[in-house]
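Each remark here refers to the structure printed beneath this line.
Given the structure is predicted, the values throughout are model-derived calculations rather than measurements.
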Amino acid sequence: MAHQRKLGRTADKRKALLRGLATELIMKGRIQTTEAKAKELRRVTERLITLAVKECDNTVTVTKETHNDKGQLMTVETVNDMPSKLHARRLIMAYLYDVKEPRLKDETKAEYKERTKDNKHPVVEKLFREIGPKYKARNAEKGVAGGYTRIYKLGPRRGDAAEMVIIELV
């Protein structure tokens with residue numbers, strides 16, 4: 001059994017903490033936290049990104065023939081996930097929190113609704129649409145896998161002298 005840092009919390013609180021930190025890291029790209037939390041967060045985030053990298057391109061185009069309101073035959077092409085990508089998506093959705101996409105500064109409520117109407121799970125979609133393909137290309141270019149996060153040390157925190165770091169996606 002692999003060793004895990006306790007972080008001074010019970011198992012359920014520790015899992016909730018890491019889920020929240022992983023969600024924020026994927027949404028924002030970089031967060032500031034303590035060194036112990038960042039090292040645990042690295043393990044979790046690397047696994048989620050690896051899952052997204054392996055399955056980001058597994059889609060299939062399906063054509064469906066349906067009748068519209070007037071009774072006319074219509075063909076519609078849709079892009080569906082392959083079973084392995086669907087399984088990976090569900091695993092990631094089970095771990096990460098489902099947060100809404102933030103509203104931009106100069107955006108009205110109607111514009112925000114229009115922009116986010118087709119994106120039900122923004123964190124998972126960002127992982128599969130942006131982060132997965134980016135790191136897949138990086139892995140192919142360098143010929144290695146992994147190493148998706150970077151930790152910068154900032155020094156001790158004032159008050160309890162805990163070592164503070166910034167963890168970011170490379």
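- Contact check on K134 versus E130 returns no salt bridge, with no Lys/Arg side-chain nitrogen under 4.0 Å from an Asp/Glu carboxylate oxygen.
- The pair E101-R115 meets the salt-bridge criterion, since a charged nitrogen lies less than 4.0 angstrom from a carboxylate oxygen.
- H3 approaches R43 most closely through the heavy-atom pair O-NH1, 2.9 Å.
- The two residues V53 and G132 have their closest heavy-atom pair at CG2-O, 3.7 Å.
- Placement of L91 and Y95 within a single hydrophobic cluster is found when ILVMFWY residues are connected by side-chain heavy-atom separations under 4.5 Å, directly or transitively.
- K85 places a side-chain N or O within 3.5 Å of a backbone atom of C56 that can act as its donor or acceptor partner.
- Here CZ of R14 is found 5.0 Å from NZ of K6. Values are rounded to the nearest 0.5 Å.
- The line from OH of Y97 to CD of E24 is 11.5 Å long, rounded to the nearest 0.5 Å.
- Going from atom CG of L51 over to atom CD1 of I92 covers 4.5 Å, rounded to the nearest 0.5 Å.
- Using a 4.5 Å heavy-atom cutoff, the side chains of L18 and E40 are in contact.
- A continuous path of hydrophobic side-chain contacts links V99 to V44 [ILVMFWY only; heavy atoms under 4.5 Å].
- Judged by distance alone, the side chain of E46 and the main-chain N or O of T149 form a donor-acceptor pair under 3.5 Å.
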Apply the test side chain to side chain contact (heavy atoms under 4.5 Å, CB included) to residues R157 and T34: give CA-CA distance (whole Å), side-chain angles for both, the deciding distance (0.1 Å), then the verdict. CA-CA 9 Å; R157 176 168 57 194; T34 63; 3.9 Å; yes
Is there a side chain to side chain contact (heavy atoms under 4.5 Å, CB included) between I166 and I31? Walk through the geometry before answering. CA-CA 6 Å; I166 290 179; I31 58 172; over 6 Å; no
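- In terms of the side-chain contact (heavy atoms from CB on, under 4.5 Å) criterion, residue partners of R138 (sequence neighbours excluded) are, by chain and number, Y135, K142, Y148, V170.
- The main-chain N or O of M164 is never found under 3.5 Å from a side-chain atom of K153 such that the two would form a donor-acceptor pair.
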Is there a side chain to side chain contact (heavy atoms under 4.5 Å, CB included) between V165 and L154? Walk through the geometry before answering. CA-CA 5 Å; V165 298; L154 297 176; 5.6 Å; no
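- The distance from the OG1 atom of T59 to the CG atom of L86 is 12.5 Å, given to the nearest 0.5 Å.
- In this structure a side-chain-to-backbone donor-acceptor pair under 3.5 Å is missing from T116 to N119.
- Put simply, the side chain of R30 does not reach to within 4.5 Å of the side chain of L169, judged on heavy atoms.
- Here the side chain of E125 pairs no donor or acceptor atom with the backbone of P122 at under 3.5 angstrom.
- In this structure, K54 places its NZ atom where only 12 or fewer heavy-atom neighbours from other residues, nucleotides or ligands lie under 6.0 Å away.
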Output side-chain donor-acceptor pairs under 3.5 Å for residues 70-79, partner residues at least two apart or in another chain, one line each.
residue: Q72; atom: OE1; partner: N68; partner atom: ND2; Å: 3.1

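- Checked by atom type and distance alone, the side chain of R90 never pairs as donor or acceptor with a backbone atom of A94 at under 3.5 Å.
- Remark: side-chain polar atoms of R89 are not paired, donor with acceptor, to backbone N or O of H87 under 3.5 angstrom.
- Taking hydrophobic clusters as Ile, Leu, Val, Met, Phe, Trp and Tyr residues chained together by side-chain heavy-atom distances below 4.5 Å, L7 shares a cluster with I167.
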Test side chain to side chain contact (heavy atoms under 4.5 Å, CB included) on D81 and N58; report intermediate values, then the result. CA-CA 6 Å; D81 292 342; N58 287 348; over 6 Å; no
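- With a 4.5 Å cut-off on side-chain heavy atoms, E141 and N139 do not count as touching.
- Atoms NZ and CE, from K100 and M27 in turn, are 12.5 Å apart once rounded to the nearest 0.5 Å.
- Taking OG1 of T45 as the reference point, atom CG of L25 lies at 5.0 Å (rounded to 0.5 Å).
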